[in-house]
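Taking it in order: structure first as structure tokens, then the write-up.
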Amino acid sequence: MAEHLFSYGTLQDPKVQRATFGRELAMAADALPGYRTELIEIHDPDVVRTSGLARHPALVPTGQDADVVAGSLLLLTPGELAAADTYEVDDYVRVAVGLASGATAWAYVSRAHVAPGRGRLTS
């Protein structure tokens with residue numbers, strides 16, 4: 001069974017995909033309405049080494065249709081989704097979102113902006 005993941009940051013990078021999933025993924029352009037991004041500081045040295053960046057974008061829900069985050073829809077195996085959970089740090093929560101295309105996908109949202117109990121907590 002394929003898992004859908006909306007990526008708006010480093011998981012779109014082929015080198016991050018190879019390091020995280022062992023392969024490059026097919027991507028389809030999509031967008032997430034009702035969100036904006038903010039940069040957060042990443043302290044996990046493995047993630048910083050893999051991405052080459054100490055600051056990563058994080059989704060923040062706004063509820064405003066005019067706020068839209070561009071990104072890509074990725075198709076993953078359940079094992080690859082677990083690998084994405086490992087790659088993402090504790091500052092993120094994986095939640096189900098509705099995309100502009102009509103698809104439903106997982107996305108990593110800023111933990112600081114998600115109500116407790118919403119979504120699946122990442123490791």
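Under a 3.5 Å cut-off, the side chain of Gln17 and the backbone N or O of Leu11 do form a donor-acceptor pair. Counting only distance, with no hydrogens or angles, the side chain of Tyr8 and the backbone of Tyr108 share a donor-acceptor pair below 3.5 Å. A donor-acceptor pair under 3.5 Å links the side-chain atoms of Arg111 to the main chain of Asp90, judged by distance alone.
Under the 4.5 Å side-chain heavy-atom criterion for grouping Ile, Leu, Val, Met, Phe, Trp and Tyr, Val60 is not connected to Ile42 through any hydrophobic cluster. By the criterion of side-chain heavy atoms lying less than 4.5 angstrom apart, applied directly or through intervening Ile, Leu, Val, Met, Phe, Trp or Tyr residues, Val48 is grouped together with Val16 in one hydrophobic cluster. Transitive grouping of hydrophobic side chains (ILVMFWY, heavy atoms separated by less than 4.5 Å) brings Val95 and Leu74 into a common cluster. Hydrophobic clustering places Val47 together with Ile40 (ILVMFWY residues linked when any side-chain heavy atoms are closer than 4.5 Å, directly or through intermediates).
Using a 4.5 Å heavy-atom cutoff, the side chains of Leu76 and Phe21 are in contact. Leu73 is listed as a side-chain neighbour of Leu99, based on a closest heavy-atom distance under 4.5 Å. Using a 4.5 Å cut-off on side-chain heavy atoms (C-beta onward), Glu3 and Thr77 make no contact. In this structure the side chain of Leu59 reaches within 4.5 angstrom of the side chain of Thr37, judged on heavy atoms. The side-chain heavy atoms of Trp106 and Leu81, taken from C-beta on, include a pair separated by under 4.5 Å. Inter-residue side-chain proximity for Arg94 and Asp85 is flagged as met; some heavy-atom pair is nearer than 4.5 Å. For the pair His56 and Tyr92, the minimum side-chain heavy-atom distance is below 4.5 Å.
In this structure, the side chain to side chain contact (heavy atoms under 4.5 Å, CB included) partners of Ala112, at least two apart in sequence or on a different chain, are Ser110.
Listed by first and then second residue, the salt bridge (Lys or Arg N to Asp or Glu O under 4.0 Å) pairs that reach into residues 15-32 are Arg18-Glu24, Arg23-Glu80, sequence neighbours excluded.
Minimum interatomic distance between Pro78 and Met1 (heavy atoms only, all atoms of both residues): CD-O, 3.2 Å. Taking all atoms of both residues into account, the shortest heavy-atom contact from Ala19 to Thr50 is CB-CG2, 3.7 Å. Counting all heavy atoms, side chain and backbone alike, Pro33 lies closest to Ala100 at CD-N, 3.8 Å. Of all non-hydrogen atoms in Thr104 and His4, the two that sit nearest each other are O-CB, 3.7 Å.
Ser7 contributes atom OG, which lies 11.5 Å from atom CG of Leu32 (distance to the nearest 0.5 angstrom). Once rounded to the nearest 0.5 Å, the distance linking OG1 of Thr86 with CG of Asp44 reads 10.5 Å.
Looking only at atom types and distance, the side chain of Tyr87 has a donor-acceptor partner in the side chain of Thr10 under 3.5 Å away.
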